[in-house]
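Each remark here refers to the structure printed beneath this line.
These numbers come from the heavy atoms of this one structure, side chains and all, not from hydrogens, waters or symmetry mates. Numbers restart at 1 for each chain; the letters A, B, ... are given by sequence-line order, proteins then strands.
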Amino acid sequence: MYRLFDTLFTAYGPQHWWPADSSEEMMIGAILVQNSSWQQVSSVIQQLRQQQLLSFLLIRQLPAETWWQLLHPVGFFRVKHRRLKALADFMAHFADQPSQLFQSDSQSLRQALLAIPGIGKETADAILCYGAQRPLFVVDKYAQRLFSRLQWCTEITDYDTIQQMVHAALPADAALLGELHALIVQHGKLHCRKQANCPGCPIPFCPAALGIVS
DNA sequence: TACCAGGAGAAAA
DNA sequence: TTTTCTCATGGT
C-alpha cells in the first residue's frame, strides 16, 4: 500500500483535496458530487459561492424549485436537493456550524452522518476525512477497480473490507488517507477507467497494466 | 449513439 | 440477503 501511494504521488503529485473554502462548502460538495463529475459540480459550486448561496440556512429557506434550477447542471437535481435539505436540517441542531458537529468522536460522528438520508458510507467518510480530519479511507469505485486490478480484492469486495485493508496497511493519518483517495481518483480518471485498457499506467506492478489480466 | 461520472436508497427477486 | 432499478445532466 505504501508502494502504491509512493507510485501515485510521484506520478501525480499532491492533489490538494478537498477543494473547498469551508467545511460547509465541503459537505455540500460531497452531496453534489455523488455519481457526478467534479467538473460539473465545481462550476455549480462556483455559481452558488458567487451568489452567496452556500449555506445550510438558505438550503432550508429557499423553495425547492429554486434549488432545482440551481442544481440542474449536476444531474439528479431533485434527489440532491432532497439530500442537501436533509443535511441542512441535521446541521440546524449544530447551529449550522460544522465545527460544533465535528466535536464528537469519530464513531458517533460517522453513525450520525449515516443516519441522514442520502449520506452513505462513502459520503460520510469523505466528510469525516476531509471535513473533520479523521483518519478514514474513502472507498469509491476507483479504489475498488484499482485494487481489483492489482488483485488485492475482487470487483465485489465490500466497502468495509476494502477500508479495513487500507487502514491495516497505513498509519491512522487523515492527510495520508485523504491524499491516497485523491490520488486514486486522479489515477482512475486518467488510466483506470471502467472500460479502459490502462494506457500509460504509471503503476509498474499492476497486472492489468502489464497485460497479465484484463 | 452509448457510456460514464469523486452514490444512495427503494424495490424486487 | 443480494440484485436491480431509479434518480438526470453533460462530457467524451
**Prompt:** Given side chains that start at C-beta, do those of A/Gln34 and A/Phe76 come closer than 4.5 Å, heavy atoms only?
**Reply:** no
**Asked** For atom P, what is the distance between C/dC5 and B/dC3, given to the nearest Å?
**Response** 14 Å
**Request:** For A/Leu32 and C/dC7, give me the distance from atom CG to atom C1', rounded to whole Å.
**Result:** 14 Å
**Item:** A/Phe147 and A/Phe137 aromatic ring geometry - parallel, tilted or perpendicular at 30°/60° bounds
**Value:** parallel
**Message:** Under 4.0 Å, heavy atoms only, any strand: does A/Ile119 hit a base, just the sugar-phosphate, or nothing?
**Reply:** sugar-phosphate
**Prompt:** Closest to the A/Tyr142 side chain: C/dG11, C/dA8, B/dA5?
**Reply:** B/dA5
**Request:** Take atom CZ of A/Arg82 and atom P of B/dG9, then tell me their distance rounded to the nearest Å.
**Result:** 10 Å
**Message:** Using the side-chain heavy atoms of A/Gln40, tell me which of these nucleotides is nearest: B/dG6, B/dA5, C/dG10.
**Reply:** C/dG10
**Message:** Quick one, A/Ile119 and A/Ile31 - any side-chain contact, counting heavy atoms below 4.5 Å?
**Reply:** yes
**Prompt:** Out of C/dA8, C/dT9, B/dG6, which has the shortest distance to the side chain of A/His72?
**Reply:** C/dT9
**Complete:** Separation of C/dA8 atom P from A/Phe76 atom CZ, nearest Å, is 7 Å
**Prompt:** What pair of heavy atoms forms the shortest contact from A/Trp67 to A/Leu53, and how long is it?
**Reply:** CH2-O, 3.3 Å
**Rounded distance (Å) that lies between atom P of B/dA8 and atom NE2 of A/His81** = 19 Å
**Request:** State whether A/Thr123 places a side-chain N or O below 4.0 Å from either non-bridging phosphate oxygen (OP1 or OP2) of B/dA8.
**Result:** yes
**Asked** Has A/Trp17 got its ring stacked on the base of B/dG6, with centres under 5.5 Å and planes less than 30° apart?
**Response** yes
**Whole-Å gap separating P (C/dA8) and NZ (A/Lys80)** = 10 Å
**Asked** If the P atom of B/dA8 is compared with that of C/dG10, how far apart are they to the nearest Å?
**Response** 23 Å
**Message:** Please report the distance, rounded to the nearest Å, between CG in A/Asp140 and C1' in B/dG7.
**Reply:** 10 Å
**Item:** Residue-phosphate contact under 4.0 Å: A/Arg193 side-chain N/O, B/dC4 OP1/OP2
**Value:** no
**Request:** Would you mind reading off the distance between A/Ile31 atom CD1 and B/dG6 atom P, rounded to a whole angstrom?
**Result:** 16 Å
**Prompt:** If you pin A/Leu114 and A/Arg145 to their nearest nucleotides in DNA chain B, which one's is more 5'?
**Reply:** A/Arg145
**Prompt:** Choosing from B/dG6, B/dG9, C/dA8, which nucleotide comes nearest the side chain of A/Arg83?
**Reply:** B/dG9
**Prompt:** Roughly how far apart, to the nearest Å, are C/dT6 and B/dG6 at atom P?
**Reply:** 23 Å
**Item:** Sugar-phosphate only, base, or nothing, as touched by A/Leu183 at under 4.0 Å among non-hydrogen atoms
**Value:** nothing
**Item:** Per-pair stack call A/Trp38 and B/dA5, 5.5 Å, 30°
**Value:** no
**Request:** Answer yes when A/Asp158 and A/Lys121 have at least one side-chain N-carboxylate O distance shorter than 4.0 Å, and no when they do not.
**Result:** no
**Prompt:** Quick one: A/His16 NE2 to B/dG6 P, roughly how many Å, whole number?
**Reply:** 19 Å
**Message:** Test of understanding: clusters of I, L, V, M, F, W, Y form through side-chain heavy atoms closer than 4.5 Å, transitively. Do A/Leu70 and A/Val79 belong to the same one?
**Reply:** no
